Amino acid sequence: MCEKVKKKEYYITTAIAYASGKPHIGNTYEIVMADAIARYKRMTGYDVFFQTGTDEHGQKIEEKAQEAKMDPQAYVDQQTAVIKEIWDLMNTSYDKFVRTTDDYHKKQVQKIFEKLYKKGDIYKSEYEGWYCTPCESFWTDAQIVDGKCPDCEREVHKAKEESYFFKMSKYADQLMEHIENNPEFIQPESRKNEMINNFLKPGLQDLCVSRTSFKWGVPVTFDDKHVVYVWIDALSNYITGLGFDCDGNHGELYKKYWPADLHLIGKDIVRFHTIYWPILLLALDISLPKQVFGHPWMLFGEEKISKSRGNVIYADDLVKFFGVDAIRYFVLNEMPFAQDGSITWQLVIERINSDLANIYGNLVNRTVSMVNKYFDGKLTEEREYKPIDEDLMDFALETVKKVDHKMDSLRVADALDAIFELLRRCNKYIDETLPWSLAKDENKKDRLNTVLYNLLEGIRIATVLVEPFMPETARKIYNQINTKQVSYNSILSWGNYEVNNKVTDKPVPLFARIDAEAKLEEIQKYLEAKEPEKMKFKDEITIDDFAKIDIRIGTILNCKKHPKADKLLVLKVKCGSDERQIVSGIAEKYSPEQLIGKKVAFIANLAPIILRGQQSRGMILTAEDESGMLETITVNEVEDGAVVK
Ligand code: ME8
């Protein structure tokens with residue numbers, strides 16, 4: 001009897017994105033890669049749990065919320081919705097989305113902190129050092145580089161805080177031993193060496209794990225001036241999301257899936273995941289994740305993607321022009337294993353044309369069209385084999401093995417390459433067998449039938465392999481060739497395509513060839529229209545031009561309504577030893593009483609004029625915004641008569 005085999009668990013996580021802005025295509029690459037791995041594992045029989053989420057606490061987020069004049073919780077709610085929308089747009093099949101503002105998460109972070117304090121691994125002291133706000137990290141004199149943060153290269157400032165510290169050094173040897181005994185733990189190899197040589201060998205310092213300089217974080221239960229360091233909070237998501245309980249009453253998911261099989265993260269945060277996180281787990285007596293993979297970064301051409309460089313590309317814009325699967329394909333295919341990859345609009349178009357339209361789309365389209373043309377859409381059982389067929393079959397079955405091997409070592413781009421090699425091999429098979437010539441000879445009908453069957457079977461096998469990378473495309477092709485044989489088992493041997501099925505009689509091209517020049521122009525226009533309108537200023541002047549205007553501070557001694565004009569006020573203005581009358585058109589905004597005693601800026605050397613019978617010597621300066629809000633330019637401390645320059 002065949003017993004039901006228990007599936008093997010596979011728990012994969014991504015970094016949790018900062019809920020402080022819209023993720024760009026680099027951040028999006030990570031979740032797409034995790035999704036491809038998760039889908040591949042599911043397809044090959046694993047019981048997968050795929051977790052992602054958002055990192056919602058910390059000073060940076062508190063500041064962003066202030067800038068946006070929002071309550072921090074409302075702000076992160078809004079940002080998280082934007083992130084989720086992009087993850088969903090990219091068709092990512094995560095099982096759980098953790099938010100670090102979720103109550104269950106915060107509660108466990110507090111318990112973890114308490115437990116380590118009670119154990120003596122966390123203690124209170126004082127910290128003085130260089131603080132980098134965007135990275136929320138303290139640095140020593142030796143660590144900063146030219147007065148800047150060694151991680152993000154931004155300005156740091158001196159900061160002193162009473163803090164809690166975590167005894168990292170206590171566990172350093174244990175971690176080192178683990179890294180040495182588990183060569184797969186940190187991948188790729190280059191990142192592992194970096195961690196050992198730059199951080200572990202020089203000796204770990206105790207880590208500052210609480211902050212008092214801001215409020216937006218998880219409060220330390222026994223000392224409410226402090227909030228928990230955002231990285232301790234964020235890293236814990238990998239266990240809290242599964243229902244970890246510090247008191248030992250763990251949820252089912254935690255019992256089933258921990259330890260994680262893979263933490264997929266970017267190269268910039270490997271230190272947090274391979275030093276801080278494992279040490280935290282060692283201190284809690286929890287087993288360590290099996291692997292941390294620090295993927296490379298996606299660059300715009302050769303440059304870092306950044307708002308300040310104005311080169312940010314977003315997934316939703318890419319999808320608008322090229323569709324989800326083309327973008328999934330591009331990012332997965334373009335990112336090498338260890339070196340950075342590159343994206344530009346031009347590169348995306350080139351890749352779609354060369355791979356998706358020419359190789360894949362064309363193969364499917366030509367094959368389905370020929371089955372329609374020569375067999376009314378349905379092949380028969382008759383066969384006539386030639387040795388060349390064997391070659392195609394072997395190639396296809398070898399590809400299945402090769403993809404498995406590549407995916408096992410997380411060489412996702414190489415796995416895709418292998419699948420496209422199979423598609424190329426199928427195209428070559430058409431050139432070798434020349435079906436249109438076979439069709440001219442009634443005696444070669446069985447041979448033609450065999451050739452087209454082999455092509456449909458080759459397409460089917462490649463498409464089952466492609467599904468984790470481009471799920472929608474795979475579904476479309478299954479429909480076009482009309483197959484239900486889409487399981488992984490069905491591609492472990494040749495010949496499972498259902499010969500009696502009728503292919504579609506209306507094959508729609510899967511990926512149309514793109515006219516690069518026209519498309520780039522269209523994209524350019526679209527992006528320009530999206531940009532907020534540029535500020536327009538008056539023509540340039542020189543400093544000498546400006547120096548001609550004598551702007552002064554004057555005290556308003558008296559103010560009355562203009563007897564003949566509703567919009568005007570008549571003001572008596574004292575400027576040092578000078579006293580004068582100025583008429584100003586601000587009666588709709590200010591009552592005379594509001595202005596008396598104010599010290600305002602005015603132009604003192606403007607030629608006098610008569611306004612409705614009242615002399616005006618000068619002009620009160622005001623500022624008016626787009627909504628029509630208007631205010632005088634007022635000072636408090638400076639004496640009247642002072643020069644404005
Ligand atoms: O680091 N190419 O969040 P994040 C590829 N909240 N990946 C990139 C990239 C690029 N150009 N730029 C960034 C954080 N990434 C923390 C994580 S985990 C407990 C806390 C990657 O929103 C980056 O390396 O800044 C990280 O893995 C992910 O995007 C989210 O970055």
Side-chain angles (χ1 to χ4, degrees), residues 12-34 51-61 64 76 79-80 82-84 86-87 90 92 97-101 105 109 112 132-137 149 151-152 154 191 217-218 228-241 260 262-278 280-281 289 292-309 311-315 330-332 334-344 412-413:
I12 176 171
T13 66
T14 67
I16 50 172
Y18 284 125
S20 61
K22 181 169 165 178
H24 56 60
I25 189 63
N27 312 122
T28 311
Y29 154 72
E30 182 174 302
I31 184 107
V32 173
M33 175 160 168
Q51 180 168 297
T52 185
T54 37
D55 189 353
E56 307 190 359
H57 289 125
Q59 188 169 10
K60 191 170 73 176
I61 288 176
K64 287 251 182 178
V76 294
Q79 295 303 318
T80 296
V82 171
I83 293 167
K84 240 185 179 164
I86 295 201
W87 283 190
M90 294 314 292
T92 56
F97 192 104
V98 183
R99 299 183 56 181
T100 56
T101 54
H105 170 82
V109 170
I112 289 172
C132 173
T133 308
C135 293
E136 322 234 356
S137 292
C149 169
D151 260 5
C152 74
R154 277 178 278 211
R191 311 251 180 263
V218 178
V228 175
Y229 175 41
V230 70
W231 273 101
I232 300 291
D233 168 4
L235 289 162
S236 306
N237 93 84
Y238 300 128
I239 50 175
T240 64
L262 177 63
H263 289 322
L264 184 66
I265 51 151
K267 62 177 185 178
D268 59 322
I269 53 174
V270 173
R271 176 168 56 102
F272 298 95
H273 284 80
T274 60
I275 297 179
Y276 299 174
W277 177 229
L280 187 69
L281 291 169
V292 177
F293 182 83
H295 64 71
W297 267 25
M298 174 154 276
L299 307 177
F300 177 81
E302 313 260 296
E303 294 177 338
K304 191 172 165 186
I305 298 178
S306 78
K307 273 207 177 129
S308 54
R309 288 175 204 252
N311 61 10
V312 181
I313 299 187
Y314 296 107
F330 181 88
V331 295
L332 294 172
E334 220 59 21
M335 290 293 281
F337 183 68
Q339 285 95 20
D340 290 341
S342 174
I343 187 169
T344 62
V412 176

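Small disclaimer: the values here were computed from a predicted structure and weren't measured. Order of appearance sets the numbers: ligands from 1, and atoms from 1 within every ligand.
Residues E56 and T80 bring a donor and an acceptor atom of their side chains to less than 3.5 Å of each other.
V228 has its side chain out of reach of H57: every pair of non-hydrogen atoms, C-beta onward, lies at least 4.5 Å apart. Within the 4.5 Å cutoff, no side-chain heavy atoms of Q79 are placed close to those of T54. I313 places none of its side-chain heavy atoms less than 4.5 Å from the side chain of H24.
Of the polar atoms of D55, at least one N or O is found under 3.5 Å from an N or O of ligand 1, judged by distance alone. Between N27 and ligand 1, an N or O atom pair is found at a separation short of 3.5 Å. Considering backbone and side-chain atoms together, I305 places no N or O closer than 3.5 Å to any N or O of ligand 1. The shortest N or O to N or O distance between I269 and ligand 1 is not under 3.5 Å. Polar contact with ligand 1: present for E30 (N/O pair, distance under 3.5 Å).
With Q51 contributing its side chain and N237 its backbone, the two residues share a donor-acceptor pair below 3.5 Å. No donor-acceptor pair under 3.5 Å is formed between the side chain of E303 and the backbone N or O of N311. Panel note: side chain T14, backbone E30; no donor-acceptor pair is recorded below 3.5 Å.
What sits closest to atom 19 (C) of ligand 1 on the protein, heavy atoms only, is Y238 OH, 3.6 Å. In terms of protein heavy-atom proximity, atom 5 (C) of ligand 1 is nearest to G26 O, 3.2 Å. Nearest non-hydrogen protein atom to atom 23 (C) of ligand 1 is D268 OD1, 3.6 Å. What sits closest to atom 8 (C) of ligand 1 on the protein, heavy atoms only, is W297 NE1, 3.5 Å.
Rounding to the nearest 0.5 Å places OG1 of T274 at 10.5 Å from NE2 of H263. Rounded to the nearest 0.5 Å, atoms CG (L235) and CG (L280) are 7.5 Å apart.
Evaluated by nearest non-hydrogen atom to atom 3 (O) of ligand 1, the leading choice among F300, Y18, Y276 is Y18. Relative to atom 16 (C) of ligand 1, the option among V270, I31, I16 with the closest non-hydrogen atom is I16. The heavy atom nearest to atom 20 (C) of ligand 1, considering only F272, W277, W231, is found in W231.
Proximity of M298 to ligand 1, defined as any heavy-atom pair under 4.0 Å, is shared by backbone and side chain alike.
Atoms of ligand 1 lying under 4.0 Å from at least one heavy atom of G266, given by number and element, are 24 (O), 27 (O). Close approach to A234 involves these atoms of ligand 1, each under 4.0 Å from a residue heavy atom: 19 (C). Every atom of ligand 1 is numbered from 1 in the order shown, and the set under 4.0 Å from a heavy atom of H273 is 18 (S), 19 (C).
Taking the six-membered ring for Trp and the full ring otherwise, the centers of Y29 and F330 sit at least 6.0 Å from each other. When ring centroids are compared, H273 and Y238 come within the 6.0 Å threshold.
Contact analysis puts H24 in contact with ligand 1, with a non-hydrogen atom separation below 4.0 angstrom. Residue H295 places a heavy atom less than 4.0 Å from ligand 1.
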